[in-house]
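Below: the structure, in structure tokens.
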Amino acid sequence: MSIVTIAREGNIAVVTIDNAPVNALSQAVRQGLSDAVAELDRDPDVSAVVLTCAGRTFIAGADVSEFDKPPQPPHLPDVVSAIELAAKPWVAAIHGSALGGGFEVALGCRFRLASAEAMVGLPEVTLGIVPGAGGTVRSVRLAGVEAAVDLVTTGKPVRAARALELGLVDKIVEGDLRAAAIAFAGVGFSNPLPQPLSLRPAPLAPESFWTEAEAAIAKRARGEVAPLKALACLRRATETDFSTAMQFERATFLELRVTRQAAALRHVFFAERAAPRPKALTGVQACPLRNAAVIGGGTMGAGIAAALRDAGLPVILIERDEAAVQRGIANLRDIFAGAVKRGRLTEAAAEARLAGVVGATDYAALADTDLVIEAVFEELSVKRQVFAQLGRVCRPDAVLATNTSYLDPRAIAEGLPNPERFIGLHFFSPANIMKLLEIVPVPQTADATLATGFALGRMLGKVPVRAGICEGFIGNRILKRYRAEAEALVRQGVAIAAVDVAMRGYGFAMGPFEAQDLGGLDIAFLQREGARAAGQDVPETLGDILVRAGRKGQKTAGGWYDYKAGDRRPLASKEVTRLLAAQIQHGPILDGEAIADRLVGAMAREGEAILAEGIAEKASDIDLVEIHGYGFPRWRGGPMFATRQTSA
Ligand code: 3HC
């Protein structure tokens, strides 16, 4: 069957693209559209054309899987131009998402109708490129400079209602979109027809607008090139004629398509899509999740409860006593209030989220709970007590999960009846925001339980990654290696601030020492002390020296740096220099790139060991862990991608 088909409804032609899963603009689709324009232009019985898509969405964009090959004709800008200049006016009927090249095709149509749930956008910068078929040149003519800059340089899609406000779509349709588009095309359009966007004048913006936008984007981009290039295309779109601007945009698109940043972002794009549905679990039925419970209402427990509520699950929050229950509920209230303040939730939605949480002290409340996530104090005996109680009260098929970050889940599960329903679900703080979810099965974990972990990840909008059992699983094990390497650099004479500056220069929001000061040095210190007390040989770290001197980070007004009261800016510390003096040698001076290479190289070597031991299934999973749990710059593709590319 053909991918692009034409049907007639009276004198309206309906062109349908059917290219599952997301109607991406493969060469065959581009050819089909091009042929359709020619055929319908020749047909005297056709007065207008409706463009629609089969399946779950309108066109999701260019076919990203073709980006590693040279572009094949017909090229998208020519297809869009043919639609725009066709003798018969085309009407785009948008359901699902019209993204990237998909929205560019819609911009070539004279009218854009959207169903109420539709989204439109130009997300190319998230793939390290810019729109390549007139997205910048036409959107600026349609919606004005400010809206176009926002749309193109952030890459964030907008919902239909907002798109209507911005003028990106002409009409929102409730109900049958295809029928509505045919009716719209059939009653004739306003006379005269709106001009094709290519013939409309471009708006201008003052020099100050561009300078400010450039400064703001450069700050946000932290080394990522596409957003600034997109801004340059938009500027060109306002300052030159249509065809010069189109050539500039296309050249920029083709130049960026072959960059390492674009390859890295494509790698992450495909890795993120593969992660939630592991091939090994194909056909395995997950357990239904109608409700959930969290044990422990501290920062982590409350964050997990908030994530569950965001996904619409009713939640029971269990704590030791009534006062602790109230503290847990207060933590949740704070989380939702924060979301209201940032404009993510309305007051009413926040109230509804909170109303869906029931606090309890008696485990008997969990008799009919489908999923219980334990997030109590990180101590084996405490966790075992929790699971002993869960084993007594929960249904034998309820999934029981621990959120431990360092303990061995096998030890936590010991003695649990029906251990096949036990699993580790390692969330990252704040659990309602951070995308990473490490899923850690024990040997007894049933496939259905594992599949439930992944189903939960999808439900919560997380990036779930399977991890094997070792100290720190994937993420914290690499973090430990990363920090050790950062300390090794300091021991050989590299300044603490130079390490942090280098890693910010690499694209992290914070360097390793600043991050420890923010989170507190004492947690890792206590872990090392625990291991030492248990007889393990754990060498003294520089961090240990600081904690022993009372420097636990920002909360004690000093860690690796000093801080002034009420000010989070790190200041070089004479006391730290004095405390560490005996440990520091004077080695060669390293520049920022050499420092970043050392640290990323150390992460990747640990990653290779993790792979070799089977703790992670694939290198791309390790990259996802670092990007979504530890702030590794997405546009570098993760430590495995970054170093494998360098050494290839
Ligand atoms: N090209 C190739 N494959 C794509 C694709 C694309 N543009 N978009 C999605 N897919 C694939 C995914 O890899 C996945 O494949 P799999 O089933 O084998 O894993 C499948 O389609 C389904 O994708 P999702 O799991 O993401 O499906 P959802 O329903 O959750 O989301 C979507 C649908 C919102 C359309 C989402 O897929 C998406 O955001 N896609 C990317 C959109 C995009 O970035 N478009 C711009 C492309 S660049 C461009 O157009 C350049 C132009 O200017 C010239």
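For ligands, and for the atoms within them, numbers begin at 1 and follow the listed sequence.
Ligand 1 has a nitrogen or oxygen under 3.5 angstrom from a nitrogen or oxygen of Val64. Considering backbone and side-chain N/O atoms, Ala62 comes within less than 3.5 Å of an N/O atom of ligand 1. Taking distance alone, with nitrogen or oxygen atoms compared against 3.5 Å, Ser65 stays at or beyond that limit from ligand 1. For Arg273, a nitrogen or oxygen atom sits less than 3.5 Å from a nitrogen or oxygen atom of ligand 1, counting backbone and side chain alike. For ligand 1, the polar-atom distance check against Leu99 finds no nitrogen or oxygen pair separated by under 3.5 Å. For the pair Ala60 and ligand 1, the shortest N or O to N or O distance falls below 3.5 Å. Below 3.5 Å of separation, one finds no N or O of Thr57 facing any N or O of ligand 1. At least one N or O atom of Gly132, backbone or side chain, sits closer than 3.5 Å to an N or O atom of ligand 1. Not a single N or O atom of Ser97, backbone or side chain, sits closer than 3.5 Å to an N or O atom of ligand 1.
Nearest protein neighbour of atom 23 (O) of ligand 1, counting heavy atoms only, is Arg56 NH2, 3.8 Å. Counting protein heavy atoms only, atom 20 (C) of ligand 1 is closest to Pro21 CG, 3.5 Å. Given atom 53 (O) of ligand 1, the protein heavy atom at minimum distance is Glu124 OE2, 2.5 Å. Looking only at protein heavy atoms, the nearest one to atom 5 (C) of ligand 1 is Val22 CG2, 3.8 Å.
For atom 31 (O) of ligand 1, no protein non-hydrogen atom is found at a distance below 4.0 Å. In this structure, atom 26 (O) of ligand 1 has protein heavy atoms in its sub-4.0 angstrom surroundings. By the definition of a contact as any protein heavy atom under 4.0 Å away, atom 16 (P) of ligand 1 is not in contact. For atom 1 (N) of ligand 1, the nearest protein heavy atom lies closer than 4.0 Å.
At most 12 non-hydrogen atoms from other residues, nucleotides or ligands lie less than 6.0 angstrom from NZ of Lys435. In Glu146, the CD atom is not crowded: 12 or fewer heavy atoms of neighbouring residues, nucleotides or ligands sit closer than 6.0 Å. Other residues, nucleotides and ligands contribute more than 12 heavy atoms inside 6.0 Å of the CZ atom of Arg458. Counting heavy atoms of neighbouring residues, nucleotides and ligands inside a 6.0 Å radius, atom NZ of Lys462 exceeds 12 of them.
Between Phe508 and Tyr630, the ring center distance fails the sub-6.0 Å criterion. Here the two rings, on His95 and Phe58, have centers that are 6.0 Å apart or farther. Close placement of the Phe632 and Tyr506 rings is indicated, their centers lying within 6.0 Å of each other.
Those atoms of ligand 1 that come under 4.0 Å of a heavy atom in Gly100, given as number and element, are 46 (C), 50 (O). Of all atoms in ligand 1, numbered sequentially from 1 with element shown, those under 4.0 Å from a heavy atom of Phe270 are 13 (O). Atoms of ligand 1 found under 4.0 Å from any heavy atom of Leu127 (numbered from 1 in listed order, with element): 44 (O), 47 (C), 48 (S). For ligand 1, the atoms sitting less than 4.0 Å from at least one non-hydrogen atom of Pro131 are 53 (O), numbered in the order shown with element in parentheses.
Counting heavy atoms closer than 4.0 Å to ligand 1, residue Glu104 contributes side-chain atoms (C-beta onward) but none from N, CA, C or O.
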Original post:
Passes salt bridge (charged side-chain N to carboxylate O under 4.0 Å, His left out), Glu255 versus Arg250? Steps please.
Top reply: CA-CA 8 Å; Glu255 169 202 320; Arg250 186 73 182 169; over 6 Å; no
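For the residue pair Asp241/Thr244, the side-chain donor-acceptor check at 3.5 Å is satisfied. A donor atom on one side chain and an acceptor atom on the other are not found under 3.5 Å apart for Thr16 and Asp18. A donor-acceptor contact under 3.5 angstrom links the side chains of Ser115 and Glu117, judged on distance only. In summary, the side chains of His426 and Asn403 do not present any donor paired with an acceptor at a separation below 3.5 Å, with no hydrogens or angles considered.
Exactly one of Glu104, Glu249, Glu84 qualifies for a side chain to side chain donor-acceptor pair (under 3.5 Å) with Arg138. That residue is Glu84.
Ile423 places a side-chain heavy atom less than 4.5 Å from the side chain of Leu425.
For atom 3 (N) of ligand 1, the nearest non-hydrogen atom from the set Leu122, Asp63, Val80 comes from Asp63.
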